[in-house]
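First comes the structure, then the notes that go with it.
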4 protein chains.
Amino acid sequence: MSERTDIKRAHILAGAREVFLKKGFRSVTMKDIADAAGISRGGLYLYYRSTEEIFLDVLKQEESEEDTGFEERLSSTRNAKEMLALVLAEQKKELLAEGDLTEASYELAFSGSESGRAALTERFEKAVEVMKYLLRRGIRSGEFRRTDPEETARQIMLIIEGLRIGTRTMQVTEEMIDEQLRRIMQQLLSED
Amino acid sequence: MSERTDIKRAHILAGAREVFLKKGFRSVTMKDIADAAGISRGGLYLYYRSTEEIFLDVLKQEESEEDTGFEERLSSTRNAKEMLALVLAEQKKELLAEGDLTEASYELAFSGSESGRAALTERFEKAVEVMKYLLRRGIRSGEFRRTDPEETARQIMLIIEGLRIGTRTMQVTEEMIDEQLRRIMQQLLSED
Amino acid sequence: MSERTDIKRAHILAGAREVFLKKGFRSVTMKDIADAAGISRGGLYLYYRSTEEIFLDVLKQEESEEDTGFEERLSSTRNAKEMLALVLAEQKKELLAEGDLTEASYELAFSGSESGRAALTERFEKAVEVMKYLLRRGIRSGEFRRTDPEETARQIMLIIEGLRIGTRTMQVTEEMIDEQLRRIMQQLLSED
Amino acid sequence: MSERTDIKRAHILAGAREVFLKKGFRSVTMKDIADAAGISRGGLYLYYRSTEEIFLDVLKQEESEEDTGFEERLSSTRNAKEMLALVLAEQKKELLAEGDLTEASYELAFSGSESGRAALTERFEKAVEVMKYLLRRGIRSGEFRRTDPEETARQIMLIIEGLRIGTRTMQVTEEMIDEQLRRIMQQLLSED
DNA sequence: TATGAATGAGTCTTCATTCAT
DNA sequence: AATGAATGAAGACTCATTCAT
């Protein structure tokens, strides 16, 4: 019963994900999702009551399926500098990824959804936490220069957030991303 | 005729601006704008074919009406450090402003509009140019430490862009903005 | 403009009336009325926002078109007894009329509409007033026996109301109506 | 099996009754009843094919559960006048009762259901019979003035029917009910 | 018996767009 | 130029009814 429901939901979410990727959030209709999932309109309502509900579930699922390989690689690395390089590379991958839900997430937040804002905030703060951890470690080991880890972590993530929105709404190029990520690394390392 | 048309268009844009401020871009309808402008639906179509066309015109008008007082104050300042402080204060004001077209602009870009992307890019690059100019000046005068003006200017504007999207989609507070802007200043001044 | 609107509304009401006669109130849809009026769904919404609004307008129109011939005949009658006979005959006609909005009116009131209740109440009280007037006149002239005009008028109209609902929901026959109306007359005349 | 079925049906009817009380007849859905009875939609169809079928069964059950206490009190009364007072008091209670199926019954009849009409007719005629019996008895004993029992009984019940629909669809007050019931009594007693 | 998933039809409502005036 | 009436196409949502299990 519950299992059947879960399977069905997963199926709906898979279809919905494609729709959100292609159309963002605001212009997606329940019909779009029903069609993508290959079920009837009425059927969809048995599982979800709105596109927002569906989208938040897509995000949740996304999160739980996050690249575990990445975390393994991260934890197997001894060196703070290398860890940072890994994290930044991962961020670059995300920034350039075609299929991601950034636009839809922003649109959801724009639409006034508190849950949407909360999801984005949580995502951001989690990233800040990871970055803070790396910075503390690197500072302790003498790999990074002494700075306020909290503020610096936040600054770095803001730059990346700026790049994220930039790649979606402006002509931000891969070169620009590389340049900025390199610069972040430099600033942490520079002894001057 | 042309003058008449211009007056009418200005009238439409004034109404439309309010609508875009309140509702973003995607959920705005031609009816919304016709109502806000106090004209008939049919009448609106005599001047504009779509909400995108109207929104782009709103942006264009916005640009041409930009805060000239600010530019005056800027040009009357001798000191690069003070100029930067002015610019950052202006940015802060923008970041916190309730009524701005950021969300609508982003939504327009998300909707795939090339013109929308172009408008945002131009705006960003113009800001980078101003920042670059300031940095060069401050470096030359010895007020700022030596850094690559291009890259640094871009980094600063990316942080601000990150803050901009953050205030719209996350729980980014005024304190966080202050902290980051102060940090930008510090990093330019620090001699270490 | 206003005239055009009035003509259109009258046209809609004419179609709507048929629908309400046939289907009562609750099961009538905006589509039913649009179809009956020969206009599009969207078009109907330009004039009315709900079936309730339409129905109340049908009632209002009904009222303003009331049988003026009847009132003339009434006012040309000198004799209270004859006037009463006229009124009762009119009521009988109404009771047996195929095409009346009684059922729809009741359904509207059942649906919780305050305006519906108000319309029915007003209609009833108006009839009571007329009846009271007749009774007073007949009592004064010695044609009717002395009774409390208010209470008696109300009693008579309640009997008629009972007959009205009875003809719609039970097997109340014309004979039964005749018998009761005759009895009302008798009770007013009887000297015992 | 048959017993099981009966229990189940009773359970469904109990839930359905609440729904009809609250929503009348026309706007009640099979889903409403299934939910109220705590069974599945499919399950409900095993016992009933439509809301009409269910409602008629609710009425039938209602009838068989009628206030037997009242009948006892009635039969233990020697005096026709007192009996009538009892009956009228009972009617008043019914008129003012919040939870009764009057509205739903009328709606059923309006919807064209022959069974609905038949049920209402039977109920009315039964009441007329009781009233007739009382009148005959009172006339015989000299308590009531001489009138045609059939016509008078019917008239009384029509007044009550008028009050019934009046309390549901107009602003008929308790005072008005009292006044009318008192008047009925008076008219039977008066010797003039 | 009983469930509840599923479908498809039907209703409400809002708009973009056109067109007669 | 301008109006606003009109249409038809969506989109949201709810149910009656069926069916596999």
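Letters A, B, ... mirror the listed sequences (proteins, then strands); counts begin at 1.
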Exercise for the section: Measure from the side-chain heavy atoms of C/Lys31 and tell me the nearest of E/dA6, E/dT11, E/dT18. Expected result: E/dT11
Handout entry: is_close_aromatic(D/Tyr106, C/Tyr106), centroid dist under 6.0 Å
Key = no
Exercise for the section: Select base, sugar-phosphate, or nothing to describe what C/Arg41 touches, counting heavy atoms under 4.0 Å on all strands. Expected result: base
Exercise for the section: Ignoring hydrogens and angles, tell me if any N or O in the side chain of A/Arg117 forms a donor-acceptor pair with the backbone of B/Arg168 under 3.5 Å. Expected result: yes
Practice task
Using atom CZ of D/Arg4 as one end and atom P of E/dT1 as the other, report the distance to the nearest whole Å.
Solution key: 7 Å
Completion exercise
The answer to which of B/Ser40 and A/Asp32 contacts DNA chain F further toward the 5' end, by nearest nucleotide, is B/Ser40
Handout entry: Closest nucleotide among E/dT3, F/dT3, F/dA12 to the B/Ile39 side chain
Key = F/dT3
Handout entry: Residue-phosphate contact under 4.0 Å: D/Thr51 side-chain N/O, F/dA16 OP1/OP2
Key = no
Fill in the blank from the handout: From the candidates F/dG11, F/dA5, E/dA5, the one with an atom nearest any side-chain atom of A/Leu46 is E/dA5
Exercise for the section: Quickly work out the B/Arg26 CZ to E/dA16 P distance and round it to whole Å. Expected result: 15 Å
Practice task
May I have the distance from A/Tyr48 (atom OH) to F/dC13 (atom P), rounded to whole angstrom?
Solution key: 16 Å
Handout entry: Whole-Å distance separating the CG atom of A/Asp35 from the P atom of F/dA12
Key = 11 Å
Handout entry: Lys NZ or Arg CZ of C/Arg9 over C/Tyr48 ring: under 6.0 Å, within 45°
Key = yes
Handout entry: Whole-Å gap separating P (F/dT14) and OH (A/Tyr45)
Key = 7 Å
Problem - Euclidean distance, atom CD1 of residue A/Ile54 to atom C1' of F/dA12 [Å, nearest integer] - result: 12 Å
Practice task
May I have the distance from B/Met30 (atom CE) to F/dA10 (atom P), rounded to whole angstrom?
Solution key: 18 Å
Completion exercise
Only one of D/Lys60, D/Glu52, D/Glu53 passes side chain to side chain contact (heavy atoms under 4.5 Å, CB included) with D/Leu56, and that residue is D/Glu52
Exercise for the section: Return the 5'-most residue of the pair B/Leu44, D/Val28 with respect to DNA chain F, ranking by each residue's nearest nucleotide. Expected result: B/Leu44
Exercise for the section: Check for a donor-acceptor pair, side chain of D/Glu107 on one end and backbone N or O of D/Phe25 on the other, with a separation under 3.5 Å. Expected result: yes
Practice task
Would you indicate which nucleotide in F/dA5, F/dC15, E/dT7 comes nearest to any side-chain atom of D/Thr29?
Solution key: F/dC15
Handout entry: 5′-ward residue of the pair C/Gly43/A/Gly38 relative to DNA chain E
Key = A/Gly38
Fill in the blank from the handout: Taken to the nearest whole Å, NZ/A/Lys23 to C1'/F/dG11 is 11 Å
Exercise for the section: For B/Ser27 and for B/Gly42, locate the closest nucleotide of DNA chain E by heavy-atom distance; then report the residue assigned to the nucleotide nearer the 5' terminus. Expected result: B/Ser27
